[in-house]
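To start, the structure under review is shown below, and the notes come after it.
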Amino acid sequence: PTRRLLLRTAFLPRVTISAAKLLTGDLNAHVLLESLFRQRLFTDKDVGEAPSYQFHALFAEFLRSRATAMLAQDELQSLRSESARLLEKANDPAAALKLWIENEDWPAATALILSQARGLVGDGRWLTLKAWIALLPKTQVTSTPWLGAWFGSALILVDPLKARALLKRSFDSLDVAGDERGRLFCATGIIETHNIDQSGFEELDRWIEVLEPALETDSGFRSDVERLRAHTAFLIAAMLRQPGHPRSEEHTSELQSHHD
């Protein structure tokens, strides 16, 4: 039982009692973990609302190598997948992503990155997003334009020229796919890049035309944040390129009403 416990929990940075029971199928897994801790067998314990156990770094590395060597390929991949799903639920996306990558489960890895992208961009962690995307095969990145859209969005303040190029490529792919939300997301970001580097204003006409019908019908936006960001981008583009646009006042009123 102890060997099975060690092998089945080898891919978790921290082992909770519930995770140990789920991965091993042993309802007494917590007894074995506690025994390892009390005997000081390379195991630490974190006492909290949900107590967890952590194997010492070198011991954990040894266990992972043993699991990789001893388990059949199908069982190994299944274990990594189960562990990754547990890590996602435990809000440890970095550790989960590592396992999806080791499994070469590119759809699962991509889905995880996309689920975290908004938070990473909001926190200014564009380097993390860049590093995560770099773990994927180029074919996977190319076939998933939302990856480029989010990375471009993350670079708007850092490198507006590169951000604009990424957002344009993503826009073209999302346009072909008929992804209205994606089109609006990219168009909004592109306008923001022009405002940041104060160049290429002649290109803004195109993006005004993209945003205007969606803002008129209030469609294609998943959240108020995306909608208000698009209103703001539209006003910026109109002021920079079409100062007499007949709908500028309407969009100004929309933003003011939300602020009030």
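The aromatic rings of Phe62 and Phe59 lie parallel to each other, their planes meeting at an angle below 30°, with 60° marking the opposite boundary. Ring geometry, Phe171 versus Trp207: the interplanar angle exceeds 60°, so the pair is classed perpendicular (tilted spans 30 to 60°). The aromatic rings of His56 and Phe42 stand perpendicular to each other, their planes meeting at an angle above 60°, with 30° marking the opposite boundary.
Following chains of ILVMFWY side-chain contacts shorter than 4.5 Å, one can reach Trp100 starting from Trp132, so the two form part of one hydrophobic cluster. In the hydrophobic cluster analysis, where Ile, Leu, Val, Met, Phe, Trp and Tyr join through side-chain heavy atoms closer than 4.5 angstrom, Leu22 is grouped together with Phe11. Linking Ile, Leu, Val, Met, Phe, Trp and Tyr residues whenever their side-chain heavy atoms come within less than 4.5 Å places Leu12 and Leu41 in a single cluster. Side-chain heavy atoms closer than 4.5 Å link hydrophobic residues (I, L, V, M, F, W, Y) into clusters, and following such links, possibly through other members, connects Leu167 to Leu157. Under the 4.5 Å side-chain heavy-atom criterion for grouping Ile, Leu, Val, Met, Phe, Trp and Tyr, Leu76 is connected to Leu63 within one hydrophobic cluster.
Summarising the geometry of Gly189 relative to Arg229, their closest heavy-atom pair is CA-NH2, 3.7 Å, with the distance given to 0.1 Å. Among all heavy-atom pairs drawn from Ile191 and Ala233, the shortest one is CG2-O, 3.2 Å. Counting all heavy atoms, side chain and backbone alike, Val210 lies closest to Ala187 at CG1-CB, 3.8 Å. Arg206 and Asp172 get closest at one heavy-atom pair: NH2-OD1, 3.5 Å. The two atoms that bring Asp92 and Pro13 nearest to each other are OD2-CG, 4.0 Å, heavy atoms only. Residue Gly182 comes nearest to Asp179 through the heavy atom pair N-OD1, 2.8 Å, listed as atom of the first residue, atom of the second, then distance.
Of the inter-residue distances, the one linking Phe55 atom CZ with Arg64 atom CZ reads 10.5 Å to the nearest 0.5 angstrom. Expressed to the nearest 0.5 Å, how far CG of Leu5 lies from CG of Asn28 amounts to 11.0 Å. Atom CZ of Arg183 sits about 9.5 Å away from atom CG of Leu174, to the nearest 0.5 Å. Note that CG of Leu79 is 12.5 Å distant from CG of Asp74, once rounded to the nearest 0.5 Å. Considering CD of Gln54 and CG of Leu33, their distance stands at 12.5 Å, rounded to 0.5 Å. Here the straight-line distance linking atom CG of Leu97 with atom CD of Glu102 works out to 10.0 Å at 0.5 Å rounding.
In summary, the side chains of Asn195 and Gln198 do present a donor paired with an acceptor at a separation below 3.5 Å, with no hydrogens or angles considered.
Residue Arg4 qualifies as enclosed at atom CZ: its count of foreign heavy atoms under 6.0 Å is above 12.
The pair Asp26-Arg8 fails the salt-bridge criterion, with no side-chain N (NZ, NE, NH1 or NH2) lying under 4.0 Å from an Asp/Glu carboxylate O. Contact check on Lys45 versus Glu34 returns a salt bridge, with a Lys/Arg side-chain nitrogen under 4.0 Å from an Asp/Glu carboxylate oxygen.
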Please evaluate residues Leu147 and Leu129 with respect to the criterion side chain to side chain contact (heavy atoms under 4.5 Å, CB included), reporting the C-alpha separation (whole Å), side-chain torsions for both, the decisive distance (0.1 Å), and the verdict. CA-CA 9 Å; Leu147 290 172; Leu129 181 59; 5.9 Å; no

For a side chain to side chain contact (heavy atoms under 4.5 Å, CB included) check, start with the C-alpha distance between Arg80 and Thr68, then their side-chain angles and the critical distance, and finish with the verdict. CA-CA 10 Å; Arg80 285 186 185 136; Thr68 302; 4.0 Å; yes

Stepwise side chain to side chain contact (heavy atoms under 4.5 Å, CB included) test for Arg241 and His194: CA-CA 11 Å; Arg241 182 64 178 170; His194 285 291; over 6 Å; no

Could you walk me through whether Leu86 and Glu82 pass the side chain to side chain contact (heavy atoms under 4.5 Å, CB included) test, one step at a time? CA-CA 6 Å; Leu86 287 173; Glu82 289 181 73; 5.5 Å; no

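Residues forming a side-chain hydrogen bond (donor to acceptor under 3.5 Å, both in side chains) with Lys21 (at least two apart in sequence, or on another chain): none. A search for side chain to side chain contact (heavy atoms under 4.5 Å, CB included) contacts involving Arg40 returns Phe37, not counting sequence neighbours.
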When the side chains of residues 108-126 are checked against the rest of the protein, which donor-acceptor pairs come out under 3.5 Å, sequence neighbours left out?
residue	atom	partner	partner atom	Å
Thr110	OG1	Trp106	O	2.8
Thr110	OG1	Gln140	NE2	2.9
Ser115	OG	Leu112	O	2.6
Arg118	NH2	Glu226	OE2	2.8

